[in-house]
Amino acid sequence: MGLFNTMTNYAHKSELRESKDEIVCGQLLAGLSHLGWRPYRIVADSDKQTLGFKLPGDDVLSAVYVMVDRKSGSGAISQSMGSRTVLGFTAEMRNKVTDPDDLATMWRTDFANLFKVPVAGEVRINHQLNTVNARTFQLVNLDDYVSGSAVNTDALVAWVVQQVDALRERLRPLKK
Amino acid sequence: MIEMSQPVHWVDAAGQQQGPQPLEAVVQQVRAGQLPQTANVWWEGAPGWTPLNQLGLDLGLPAAPASASAALMSGMTDQELDDVFIDLVGRSWDMYKETEYATSIDEAMLGGVITALVDCGFVLIDLETANAWAGTAGSHRLRFEEPADHSRVNVSVQHLTPDPAVAKMIGHRAAVVVGYGQRVPQFSKVGNALKQEVQSGFIVSPEPGTVTFDADLSSGYVYAQIDLLMEIERYVDEHLDVDHEMLRKHLASVVYTMKTFIQARFGEVS
């Protein structure tokens, strides 16, 4: 029985190590829900999770998406590198009507984006007809927030809100 | 300005000269639609034949629109045109959002499940999404663990009515599977659960209330789970606001029962 226990303990530990990004997603969903954000899109691809929220009453944004893309630390060897993770943020703004002047602006910003090298923290504005998205991403080490299964949720949620606040201000001038 | 009592001659629709009669009688014919408003008239002292509609008379007819688009917008002020346009765009967005809501409500419920269990101290350790196919929405599988005793709760949700028309008829429904699992230290007990899992596998389409067993030999977990049909709108309102407390109570009752099944068969948690 000892061998069985050792084996299952190892498998269990490994499962929890692999789950660090999911643990963060769970805490973010709960923490942001308590701020009044309403989860409405939850998509999990392999090693990448996207959480979409509606922000009722927000004067600029119609939705916010938080993407968690873990790059290292899920395996026993890469664990030594820490849980390097890309956290992406997309703030979505919708205008009810798009006019021709908007289309001209879309061309300028979207064309300029083609030549930009992705840099952490940089904000990009993308237009999709009535929707204007502001995106940014940050490289973080999840180990700074997660220890075992305990998460420093307050710090993480406050930091996410700060990122979204910055994106909101970039979109505000484009709101009609 | 010519007087309405002035006797005039006019050219009728057939091109024949008529009159004299008072101008008022000719205007009456125009108002009755018997004579075009461009009919020519002449009277003593006039410089020549003149179209009626160039005499500045009230012919009782709307002014002819200057263009087809002017005709299209006739009878409406600019403000009315703007108001109708804004209303049409607003209605379009309402319908768009109705569809968006219909395809989001299951994920709002899922967010509610995560919030309810995380608030109780569980941590989310697994999140899977299966793509939509053949007219059904995608499904989601969640796995939670309680850090203290490593017991687990599994929840899977499949939205059965993502089509707004169907949802309007019968409401938003979901096939939900809720399971409870615990680590069992003895290989023989997990093996026993595996046998039952094989038996559970023969239940191709479980009816609501069917309890099945599952086992994971590698991590030493055994699970009891039950299939349910749930009305999503009991938990999620039209603004995607979730009643976390009701969701928690409903999950609690199912988890409690599944835990009883597991503990009756495999003993207390290790």
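Just so we're on the same page: letters track the sequence lines, and every chain starts at 1.
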Tell me, for [X] versus chain A, whether the close heavy atoms (under 4.5 Å) come from the side chain, the backbone, both or neither.
X	answer
B/Asp119	side chain
B/Phe85	side chain
B/Thr103	both
B/His239	both

*Tell me, out of A/Leu32, A/Leu29, A/Ile42, who's got the most heavy-atom pairs with chain B below 4.5 Å.*
A/Ile42
*Heavy atoms only, distances under 4.5 angstrom: which of B/Gly111, B/Gly112, B/Ser104 has the most pairs with chain A? Name it, please.*
B/Ser104
*Counting heavy-atom pairs under 4.5 Å to chain A, which of B/Thr129, B/Leu240, B/Leu117 comes out on top?*
B/Thr129
*Yes or no on salt bridge (charged side-chain N to carboxylate O under 4.0 Å, His left out) for A/Asp58 and A/Arg168, after CA distance, side-chain angles and deciding distance?*
CA-CA 10 Å; A/Asp58 195 288; A/Arg168 181 190 291 105; 2.7 Å; yes
_Could you tell me if A/Glu92 and A/Thr131 have a donor-acceptor pair between their side chains, going purely by distance under 3.5 Å?_
no
_Assess, by modelled atom type and distance only, whether the side chains of B/Arg152 and B/Tyr223 contain a donor and an acceptor separated by less than 3.5 Å._
yes
_Quick test of your reading: applying salt bridge (Lys or Arg N to Asp or Glu O under 4.0 Å), list the pairs with at least one residue in residues 168-177 of chain B, sequence neighbours left out, ordered by first then second residue._
B/Glu98-B/Lys168
_I want to check something: taking the side chain as every heavy atom from C-beta on, are B/Ile226 and B/Thr257 in contact at a cut-off of under 4.5 Å?_
no
_NZ/NE/NH1/NH2 to OD/OE distance under 4.0 Å, B/Lys259 and B/Glu146_ = no
